[in-house]
There are 2 protein chains.
Amino acid sequence: MPAPQNTLDEILSAVHGAAKRVTVAKRTVAEVLVATNRHLTADEITSLVQEREPDVSPSTIYRILEEFENLQIVVHAHLGQAAAVYHLTGAVHGHLTCEHCGATMEIPAAHFDALSKDLQKSYGFLLDRHHVAISGTCAHCQPATRA
Amino acid sequence: MPAPQNTLDEILSAVHGAAKRVTVAKRTVAEVLVATNRHLTADEITSLVQEREPDVSPSTIYRILEEFENLQIVVHAHLGQAAAVYHLTGAVHGHLTCEHCGATMEIPAAHFDALSKDLQKSYGFLLDRHHVAISGTCAHCQPATRA
DNA sequence: TTAGATGCAAAGACTTTGCGCACTT
DNA sequence: AAGTGCGCAAAGTCTTTGCATCTAA
């Protein structure tokens, strides 16, 4: 598999290499992703892109994110019931979402190694380390005095 | 915490005990949940309920499921990008969702014990065993001849 | 030149909400 | 009798799609 693309140049090269066109909208989306380098909803990406390029429409953002996913530039995951979040493929990690305050945190995929092996052995199920999203209660939302 | 309600009587008692009314719609939803005893989308529940009580509307199903969640009778989880699934609280289990064929399977929560401890120790994060939904590739969608 | 990319607007899937009547208690 | 719960329909969110136009290569 190709190395993850985490720089602007790498992303645009990948687009170019796939015989896709490098447009202002795509470049701006790529810039936003590289600049923040953490998970963002389509809506957040749209806002950030529109700060620089006000005429880019949400539907274009979705189409670009879809293309970037096909090119393995980004992955998305669904946290809780809310909108999907997107982030660069290079940032391999799982997500923890707090059911109480809605906060999300990213944790290294290594935490899922054991579970991954277990599921593979038990069910032949191949866990996707990019999509892992665990719901629960974060430290802040747990009463200090033990529930 | 109260014992999980998995029989019709227990569910309706819980409703009654909460000073809520026991209606035809609620009884039918409860019957469907008990009869299938696995995860169902709101839409599936609506269809099953309407087979017996055609006049029950989807919005009522959502309201009942919300009430049942508050009463800890059911829990819901979000699998992939699709609709949320609901199941009885008693059926504690995680979900595996195949990104390719969309199939979902339920597995014992015990598989998450180690991960649960790890997350608690590392981040103080309390994993919700009812909500665990893992994305990946199921055995059937993996090429027999090793990818 | 020319085919892919975009903007706009409408549609679609899933879920929530407002309102007045019906039914449970 | 009293007030919760319901059906209906409309609204709300997030995402996708159709189509005419524009633009990167």
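Order of the sequence lines sets the chain letters (A, B, ...), proteins ahead of strands, with each chain counted from 1. All values below come from the heavy atoms of this structure, side chains included, with hydrogens, waters and symmetry mates left out.
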Taking the side chain of B:A42 as heavy atoms from C-beta outward, which of D:dT16, C:dA5, C:dT15 is closest to it? C:dT15
Given C:dC8, D:dT15, C:dC14, the nucleotide with the shortest approach to the side chain of B:Y62: C:dC14
Does OP1 or OP2 of C:dT6 have a side-chain N or O of A:T60 closer than 4.0 Å? no
Between atom CD in B:E67 and atom C1' in C:dT17, what is the gap in whole Å? 17 Å
Protein-proximity profile, nucleotides 19-25 of chain D, B/S/- by nucleotide at the 4.0 Å heavy-atom cutoff, equals ----BBS
Output yes when a side-chain donor or acceptor of B:E53 lies under 3.5 Å from a complementary backbone atom of B:T28, and no otherwise. no
Given DNA chain D, 5'-ward residue of the pair B:A19 and B:S59, judged by closest heavy atom: B:A19
Calculate the interatomic distance between B:K26 atom NZ and D:dG5 atom C1'; express it in whole Å. 7 Å
Taking atom P of C:dC23 as reference, at what distance in whole Å does atom CZ of B:R27 sit? 14 Å
Using only atom types and a distance under 3.5 Å, with no angle test, would you say the side chain of A:E106 pairs donor to acceptor with the backbone of A:R38? no
Taken to the nearest whole Å, CG/A:L65 to P/D:dT17 is 15 Å
Take atom CG of B:D55 and atom P of D:dA9, then tell me their distance rounded to the nearest Å. 12 Å
Choose from C:dC14, C:dG7, C:dA5 the nucleotide whose nearest atom is closest to any side-chain atom of B:A83. C:dC14
No-hydrogen, no-angle side-chain donor-acceptor test under 3.5 Å, A:H78 and B:H78: no
Tell me the interatomic distance from B:I45, atom CD1, to C:dT15, atom C1', rounded to whole angstroms. 13 Å
Linking Ile, Leu, Val, Met, Phe, Trp and Tyr by side-chain heavy atoms under 4.5 Å, what else ends up with B:V24? none
When Ile, Leu, Val, Met, Phe, Trp and Tyr are grouped by side-chain heavy atoms lying under 4.5 Å apart, directly or through other members, which residues fall in the same group as B:F112? A:L96, A:M105, A:I107, A:F112, A:L115, A:L119, A:Y123, A:F125, A:L127, A:V132, A:I134, B:L96, B:M105, B:I107, B:L115, B:L119, B:Y123, B:F125, B:L127, B:V132, B:I134
Does A:H39 form a ring-ring contact (aromatic ring centres under 6.0 Å, His included) with A:H76? I'd like the steps, not just the answer. CA-CA 8 Å; A:H39 61 247; A:H76 79 278; over 10 Å; no
What's A:D43 touching, base or sugar-phosphate or nothing? Going by heavy atoms closer than 4.0 Å. nothing
Rounded to the Å, how far apart are B:I64 CD1 and D:dT4 C1'? 12 Å
Just by distance, do the side chain of A:T89 and the backbone of A:I73 share a donor-acceptor pair under 3.5 Å? yes
Write down the distance between NE2 (A:H76) and C1' (D:dT16), rounded to a whole number of angstrom. 13 Å
